[in-house]
Enquirer: 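Starting off with a structure, shown below.
Each chain gets a letter, A, B and so on, in the order the sequences are listed, and its residues count up from 1.
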Protein chains: 2
Amino acid sequence: MTTSTKTRSYGEARGRLLDAALHVIRSRGYAAATVDDICREAGVTKGAFFHHFKSKEDLAVAAAAHFASFADAIFSAAPYRALPDPVDRVLGYVALRKAILMGELPEFTCLLGTMVQEAYETHPVIREACDRYISEHAAFVEQDIAAAMAARGIESDWSAGSLALYTQAVLQGAFILAKAKHGPAVAADCLDHLHRYLDLLFNGQARPAPAPLEGPP
Amino acid sequence: MTTSTKTRSYGEARGRLLDAALHVIRSRGYAAATVDDICREAGVTKGAFFHHFKSKEDLAVAAAAHFASFADAIFSAAPYRALPDPVDRVLGYVALRKAILMGELPEFTCLLGTMVQEAYETHPVIREACDRYISEHAAFVEQDIAAAMAARGIESDWSAGSLALYTQAVLQGAFILAKAKHGPAVAADCLDHLHRYLDLLFNGQARPAPAPLEGPP
DNA sequence: GAACAAAAACCAACCGGTTGGTACTTTCTT
DNA sequence: AAGAAAGTACCAACCGGTTGGTTTTTGTTC
């Protein structure tokens, strides 16, 4: 490729806009995030914005997809995935989510939950996008849950799907409390309770949540 | 009193604005809810708005208080409060919350959770108000939880306060999922899981195979 | 020099907030 | 008890700044 480095960034405006949208929307919400804000954060002009996205709503949908694929990459590649016991993988998922709570608030918060709360009535397209990606992630967790149920021979009046969605609800709620209290401590406590619930369901006893693991092979 | 009934409504604009704010903000979010929207919904002019509230932010704080006292009235007077066993009261609380999920989406949703998600960074006053009222409600639930722990002689590594906040997190998360999926069914499932967790903690029932630790007094 | 990407200037609609005035209630005075 | 005075509740029109979005112009790549 004869990629000249004369201009420091040519052809990467779209990606920068997506990243900027992620940050701005997560800290200010969708409606309060102006297109100018996002352009400023991305270091890009408005013309570039409307060259890549046909509307603010369009960007929101694209940002949802961007966020989802980013999350997907993280969790698919996480060390806990290698654990042999599916129950350990379910608990490992919660442990990893707890570990992620370390950073700044707008960085561990969920874009999908933030957007859908504002847009569910007024922007059906955004609602659908958020629903799809949340459900996809829940389905990802559901796999391990279903395997865990099979491994423990659990017959219950609840489904693997409903439990997977429940984990997502706890996460979303934990984020809201973290925002209200301006810190991740509450959220961590909530994940401990979720961990305890899962442990009770699958192991019949609540063991202390392990420290976020180093990756075994 | 010579109260003339000539004018159908005099002196109730403030209350109508608060109710309107509740409805509009819950369906559109704080930032997207314009002052004009709220005035239209209340059937009141903008002049009246700024006579009673010095800014939109000021209204938000008042609406939070309004919502909180409304909720407080409901839960304080609920029949489940009369149950003698504190554990039943804790479970009764969850059952009542599930029953409330029947109505339209913007009617069972939590104003505090909705607002704090958008405003936590940009409107500290709103954040504080939401935090306070959420925490107060959690403290209300905490009373029964603490009594339930005492009644069952539970010694644990979790506190009554953290469990109370956890119930609120589950509720907030359930609302988000309900918005994403455009219906209360998911939220009901989440409350079932919460109910099961509390039942496991306090009654130890539905416990799978391995007999676990009995809590000696 | 096509074709595409990005910048800059621009616009109509809209938003939160203000103004100055009117209707209604209460309180004070007599 | 009448009525003036004061205070409160409300209204309609308006304002300056901002918003999402467009159009025109400049630059880059093949």
Enquirer: Return all side-chain donor-acceptor pairs below 3.5 angstrom for residues 174-181 of chain B, not counting sequence neighbours, or 'none' if the list is empty.
Expert:
residue : atom : partner : partner atom : Å
B/K179  : NZ   : B/T114  : OG1          : 3.2
B/K181  : NZ   : A/D131  : OD1          : 2.9
B/K181  : NZ   : A/S135  : OG           : 2.6

Enquirer: Please tabulate, one pair per line, all N/O donor-acceptor pairs under 3.5 Å involving side-chain atoms of residues 118-125 of chain A, not counting sequence neighbours.
Expert:
residue : atom : partner : partner atom : Å
A/E118  : OE1  : A/A31   : N            : 3.1
A/E118  : OE2  : A/Y30   : N            : 2.6
A/Y120  : OH   : B/R26   : O            : 3.0
A/H123  : ND1  : A/E57   : OE2          : 3.0

Enquirer: Between protein and nucleotides 8-20 of chain D, map the contacts as a letter string: B base, S sugar-phosphate only, - none, heavy atoms under 4.0 Å, written 5' to 3'.
Expert: BBBBB------SB
Enquirer: Starting at CZ of A/F49 and ending at C1' of C/dA5, how long is that distance when rounded to a whole Å?
Expert: 16 Å
Enquirer: Assess, by modelled atom type and distance only, whether the side chains of A/H66 and A/D19 contain a donor and an acceptor separated by less than 3.5 Å.
Expert: yes
Enquirer: Between B/D199 and B/R196, does at least one N-O distance fall below 4.0 Å, as a salt bridge requires?
Expert: no
Enquirer: Any idea how B/F53 and B/F49 line up, ring-wise: parallel (<30°), tilted (30 to 60°), or perpendicular (>60°)?
Expert: tilted
